[in-house]
Structures are given as C-alpha cells and as structure tokens.
Amino acid sequence: TIRFWNLQGQPLPTVLQGKGGGISSVSFSPDGQTVAMANDNGSIELWDNTGTRLDTLNKHESFVLKISFSPDGQTLASASADDSALLWNLNDLAAEPIKLVGHVDSVNDIAFRPDGQYVLTASEDSTIKVWNRQGDLLGTLNGHDGQVQGLSFHPIDPATPNQLMLTSSGADQTIRFWQLGTGRGTILGHHSASIYAVRYSPDGQMLATADRDGQIILWDQQGQKLKIIPSLSDFPGSVNGIDFSPNGELLAAASSSGVALIWHWNEDGAPITLQGHMADVYDVSFSPSGSTLVTASLDSTVKIWDLEGIG
C-alpha cells in the first residue's frame, strides 16, 4: 500500500494499493512522475503520481533490496537477495531486463554513476562491481572486510568531470572512498557499528552515514566529523536509510523504530517525526522538487508526505 499523508498525520486522497509484502526500497523517477517500490516478494511496482499502477515487474527470485532510476529516467536498476541485479528498460517493459551476474551473495545496493554511463553494485560478498549499461562486468573493487551495504557517488563537478568518486559503507564499520579511475580505495572514517547507509549532500561538500545502532554522522570530504546528529534515544534501533533534500537543507532518516525523521541538519533541535508506519521503516527518498518525502516500511506500506513549509 502507498498512502499520501501531510505532516499533521492526515491522509490525503490518493491511496495506492500495492500487491506485495514488506517494502524495502522506494524511489521517485528523475522527473517526479513515477514512483517505484520494491517488495519482499521479489516484485517491483511502478505507479504514476496520480495513483495509477503502471506495471508490476516480476523477474527476481528473492527479495528486492534496492532500486534506483538512471539519471536520464530511461532505466530502473534493482538489486536482490537472489545474488543478481537487473536493468529494466522503462521504454519497453515487455523486453527481458539485462541481468548483472557476478556476485556470489545478496546484492544490497545499486547506484548509477552521475552521468548514467555505468552502474555499481554492492554485495554481501564484500565486493563492489562496476558494470556498463549493456550488462558487461568492467571491474571489481575489493577492500571491505565483510558485506558492503551502501553506495553513494560524489556529484560530478563540471570543472573536473573525469574525477569520479564513490563512497561505500559496510559491516566492517568503515566508510571507504574510491577513485574509480584508479580502482583504489581508502578508509575515510569509522563507526562503532555496521554502517547501513551513506549519502552525499547535493553539493558534494558533505557526507552522511548511518548505522545499526541508530547513529548518524556528518563528515567533510577529508573524513573529518562535522556533526553527530543528536541522540535518537526516543527511537531505538537502526537507521536503515538516509537522504538529503535536493536543496541540501534537510536530512531524512528511516528508523527501525517505525518512524521517519527529518532534520534541518545545520540547526540544533529535535527532528520532525513522521509517524504512521506499523513496522520498521526501511527507506526514505525526497522527490526531485523536494516538496514530498516517500517512506517505505516492512508494514507493506509506502507513504508520501507533504513537506510544504519545512524546506
């Protein structure tokens, strides 16, 4: 189920009824016109923003753990516990998706390079793999000691378009920084627990990381801690996903305590709490306009929240 809510907890008219079970990932298309949701039954559903189901994609053999649209909106990538990832042609959903085969354990995350030319996958087999959009394996990044759980590309700087930088996070409690031109990785920082999520700010000047114990840390590009988000003691458990708003002013987090939280990260004070889910919240994603936030939960619902007045 996908329901639309405002920040006062009042449901808005549009309700999308999903077919699957718990929802592990949700994302807006780059134009904001389509919402994709990943189900733990292995399916992916596509909806338009008026509440009409467009299609259901059924090719994975196990949980779909992460989905991501390409920057041009032409391809949807999905990562699964069936040890594979798929690239779906959104202009021809009847076509067989391109299958990325090479990992030997669950694929936890998937991300397109900002120019859309390549896609990277992070796996429980401790590796990151680099693919082109035709499905060819181009290389493997080794360095994590344990499963790789999160990926985030640094936004491309027009002044240095060839300096393509990636940050990853893992169960080894490290954040690793990669220069894709060299294939070398360095440790940028540490947590005291498994790091579930990593995300660059839109301007690339800051990195947010979140872990199993519920701690969120903000870092600069050199690995210096800028801020530790105030204690989440009222919301015990892990932070499963994080996202910055397009203007970079807000940071959202998905909590296993069943809520989503939003901060003005550069201000002190309590977060805005989005309540309504009945189980772990697994993913959060801002719309391209920043006017709404979508949250995905193991309670089989996705909710889209109106953020008017807090951006």
Side-chain angles (χ1 to χ4, degrees), residues 1 3 5-9 21-26 37-40 63 65-66 81 106 108-109 122 124 146-152 168-175 189-199 201 206-219 225-245 250-286 293-305 307 310:
T1 306
R3 289 190 173 88
W5 301 66
N6 64 19
L7 289 176
Q8 289 71 47
I23 301 168
S24 55
S25 184
V26 66
M37 52 187 276
N39 293 303
D40 66 9
F63 304 159
L65 299 173
K66 202 71 175 178
S106 297
N108 293 326
D109 203 358
E124 292 192 15
Q147 62 175 291
V148 189
Q149 295 171 306
L151 296 173
S152 185
S168 60
S169 63
D172 60 3
Q173 306 176 10
T174 67
I175 310 152
H190 293 82
H191 277 241
S192 59
S194 179
I195 307 171
Y196 283 177
V198 58
R199 187 73 69 228
S201 60
M206 186 171 59
L207 187 74
T209 52
D211 71 25
R212 182 185 59 202
D213 289 345
Q215 186 174 69
I216 301 172
I217 302 176
L218 304 180
W219 312 78
K225 291 182 182 179
L226 299 174
K227 186 173 186 177
I228 298 176
I229 296 296
S231 172
L232 303 182
S233 58
D234 290 339
F235 310 102
S238 61
V239 174
N240 300 315
I242 50 178
D243 196 24
F244 282 100
S245 61
L250 301 176
L251 177 67
S255 171
S256 65
S257 62
V259 300
L261 305 164
I262 301 177
W263 292 265
H264 287 88
W265 63 265
N266 59 346
E267 300 176 6
D268 294 325
I272 296 167
T273 305
L274 306 183
Q275 296 178 316
H277 285 295
M278 303 301 292
D280 299 33
V281 180
Y282 248 61
D283 200 13
V284 289
S285 181
F286 284 95
L293 179 78
V294 350
T295 58
S297 172
L298 294 188
D299 66 4
S300 303
T301 71
V302 168
K303 303 183 190 304
I304 300 185
W305 308 77
L307 302 183
I310 72 162

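- More than 12 heavy atoms of other residues, nucleotides or ligands lie within 6.0 Å of CZ in Phe244, so this atom counts as buried by the packing criterion.
- Interatomic distance, CG of Leu307 versus CD1 of Ile262, reported as 5.0 Å (0.5 Å rounding).
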Chi angles and distances behind the side chain to side chain donor-acceptor pair (under 3.5 Å) call for Gln173, Ser194: CA-CA 5 Å; Gln173 306 176 10; Ser194 179; over 6 Å; no
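- By the 4.5 Å heavy-atom criterion applied to side chains, Ser238 and Tyr196 are counted as neighbours.
- Checked by atom type and distance alone, the side chain of Asn108 pairs as donor or acceptor with a backbone atom of Val148 at under 3.5 Å.
- For Ser201 (side chain) and Met206 (main-chain N/O), a donor-acceptor pair under 3.5 Å exists by modelled atom type.
- For the atom pair OG (Ser168) and CG (Asp109), the distance works out to 10.0 Å, reported to the nearest 0.5 Å.
- Minimum interatomic distance between Ile216 and Ala253 (heavy atoms only, all atoms of both residues): CD1-CB, 3.8 Å.
- Side-chain atoms of Ser255 come within 3.5 Å of backbone N or O of Ser257 as a donor-acceptor pair.
- A donor-acceptor pair is defined here as one N or O able to donate and one able to accept, closer than 3.5 Å; such a pair exists between the side chain of Ser245 and the backbone of Leu250.
- Side-chain atoms of Asp280 do not come within 3.5 Å of backbone N or O of Tyr282 as any donor-acceptor pair.
- When all heavy atoms of Ala208 and Leu218 are compared, the pair lying nearest together is CB-CD2, 3.6 Å.
- In this structure, His191 and Trp219 have tilted ring planes: the angle between them lies in the 30° to 60° band.
- A side-chain donor-acceptor contact under 3.5 Å links Asp40 to the backbone of Gly22.
- Between Ile195 and Gln149, the shortest heavy-atom distance links the atoms O-OE1, 2.9 Å.
- Going from atom CD1 of Ile23 over to atom CG of Asp283 covers 10.5 Å, rounded to the nearest 0.5 Å.
- For the atom pair Ser152 OG and Arg199 CZ, the distance stands at 5.0 Å (nearest 0.5 Å).
- Closest of all the heavy-atom pairs between Ile242 and Ala197 is CG1-CB, 3.8 Å.
- Note that OG of Ser24 is 7.5 Å distant from CG of Asn39, once rounded to the nearest 0.5 Å.
- Here the side chain of Asp243 pairs a donor or acceptor atom with the backbone of Phe286 at under 3.5 angstrom.
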Test side-chain contact (heavy atoms from CB on, under 4.5 Å) applied to Thr295 and Leu293, step by step: CA-CA 7 Å; Thr295 58; Leu293 179 78; 4.0 Å; yes
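- Here the CH2 atom belonging to Trp263 is positioned 10.0 Å from the NZ atom belonging to Lys227, to the nearest 0.5 angstrom.
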Stepwise side-chain contact (heavy atoms from CB on, under 4.5 Å) check, His277 with Thr301: CA-CA 7 Å; His277 285 295; Thr301 71; 2.9 Å; yes
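- Taking all atoms of both residues into account, the shortest heavy-atom contact from Val198 to Gly150 is CG1-C, 3.6 Å.
- When all heavy atoms of Ala279 and Leu298 are compared, the pair lying nearest together is CB-C, 4.0 Å.
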